[in-house]
Amino acid sequence: MRYWLMKSEPDAYSIDDLERDGTEHWDGIRNYQARNLMRDEMEIGDRVLFYHSNAKPPGVVGIAEIASGPYPDHTQFDPEQQYFDPKSDPENPRWIMVDVSFVEKLPRLVSLHELKEHPQLAGMVLLNRSRLSVQPVTSDQFAFIVDLARGAVS
DNA sequence: GCCAACGTTGGC
DNA sequence: GCCAACGTTGGC
């Protein structure tokens, strides 16, 4: 199993929205690196740290899991949609998405500020090339952050 | 709202 | 293929 971190702006879609919905398709990814990870690396059952970006404060708020393989993101073909891509060929869709299911909310938010304080996490993609909205985390990083939220480490 | 970092586009 | 211009992300 692999581990991931996925960002969402809570004003657009929060962990509470995912808890309510249970499962949601992760549309709107328009970055090739993020797309390639979803298309080539993710597997059903992989665990995801749900991260609130552009939030006060930004941080990890919950756990989700990958619930489908990759399939075309329909929003790329709809001119009414924010994520419309006129250059994408319906015969060979440029953008894909996966389904994500709610697992649990963490007992507390682990803020970006707090993540930066732990040398164990210094290698996180989030803390280095922070713009990727879908990024891998190691099993150790994943476990450490969940332990932080649960008060099992400090 | 600012702006640094980064990604994409397109002229050459 | 280079790189300047432009657009987006996301912390602050």
Side-chain angles (χ1 to χ4, degrees), chain A residues 2-21 24-42 46-66 70-138 140-142 144-149 153-154:
Chain A
R2 296 189 184 178
Y3 298 89
W4 308 95
L5 180 146
M6 296 171 85
K7 299 178 184 174
S8 186
E9 300 191 14
D11 289 346
Y13 198 80
S14 71
I15 188 71
D16 292 320
D17 293 325
L18 187 63
E19 181 172 28
R20 176 197 66 212
D21 295 339
E24 181 63 295
H25 52 266
W26 208 258
D27 64 284
I29 300 297
R30 296 293 181 269
N31 171 284
Y32 290 105
Q33 201 176 345
R35 177 203 66 181
N36 294 347
L37 290 171
M38 293 198 300
R39 185 188 61 195
D40 304 332
E41 306 293 337
M42 280 184 175
D46 284 356
R47 293 280 155 147
V48 177
L49 294 171
F50 197 105
Y51 180 88
H52 279 175
S53 62
N54 256 321
K56 297 176 185 176
V60 175
V61 291
I63 300 174
E65 70 177 16
I66 303 304
Y71 61 103
D73 179 343
H74 56 86
T75 64
Q76 70 196 298
F77 302 123
D78 181 354
E80 303 295 309
Q81 285 266 357
Q82 173 189 358
Y83 296 116
F84 177 57
D85 183 350
K87 295 180 185 170
S88 184
D89 174 7
E91 298 297 314
N92 185 21
R94 179 178 295 192
W95 304 112
I96 57 92
M97 60 189 180
V98 297
D99 290 346
V100 173
S101 290
F102 179 81
V103 174
E104 64 180 276
K105 281 176 76 170
L106 291 172
R108 68 180 184 86
L109 176 146
V110 182
S111 70
L112 176 62
H113 176 79
E114 184 176 352
L115 296 175
K116 289 176 178 172
E117 291 178 340
H118 293 282
Q120 300 94 320
L121 301 176
M124 284 187 77
V125 176
L126 182 74
L127 305 182
N128 294 281
R129 294 186 306 283
S130 68
R131 288 188 48 189
L132 251 194
S133 62
V134 173
Q135 52 181 257
V137 300
T138 68
D140 286 348
Q141 290 162 354
F142 186 96
F144 187 79
I145 292 168
V146 172
D147 283 349
L148 275 178
V153 294
S154 58

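Just so it is clear: chains get the letters A, B, ... in the order the sequence lines come, proteins before strands, and each one is counted from 1.
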Review point. A:M124 CE to C:dG11 P: how many Å, rounded?
Key: 12 Å

Practice item. Starting at atom CD of A:E9, determine the distance to atom P of C:dC12, rounded to an integer number of angstrom. Key: 15 Å

Practice item. Rounded off to whole Å, could you give me the CD-to-P distance for the A:E114 and C:dG11 pair? Key: 15 Å

Mind listing the N/O atom pairs, protein and nucleotides 8-10 of chain B, below 3.5 Å?
unit_1	atom_1	unit_2	atom_2	d
B:dG10	OP2	A:K87	NZ	3.4

Check your understanding: Just how far, in rounded Å, is P of B:dC6 from CG of A:L132?
Key -> 11 Å

**Study point:** Aromatic ring proximity A:F50/A:W4, centre distance under 6.0 Å
**Key:** no

Check your understanding: Of the non-hydrogen atoms in A:W26 and A:M97, which two are nearest, and what is the gap between them?
Key -> O-CB, 3.3 Å

Practice item. For A:K56, report the nucleic acid contact type (base, sugar-phosphate, nothing); a contact means any heavy atom under 4.0 Å. Key: nothing

Practice item. Please check if the side chain of A:D17 supplies one atom and the backbone of A:S14 the other of a donor-acceptor pair under 3.5 Å. Key: yes

Exercise for review: Report yes or no: does A:D46 contribute a side-chain atom to a donor-acceptor pair with the main-chain N or O of A:R2 at less than 3.5 Å?
Suggested key: yes

Study note, to complete from the structure: Residue set satisfying salt bridge (Lys or Arg N to Asp or Glu O under 4.0 Å) with A:D99, at least two apart, ordered chain then number -> none

**Study point:** Whole angstrom value for the distance that separates C1' of B:dA5 from CG of A:L126
**Key:** 14 Å

Practice item. Kindly say whether A:Q81 contributes a backbone atom to a donor-acceptor pair with the side chain of A:T75 at under 3.5 angstrom? Key: no

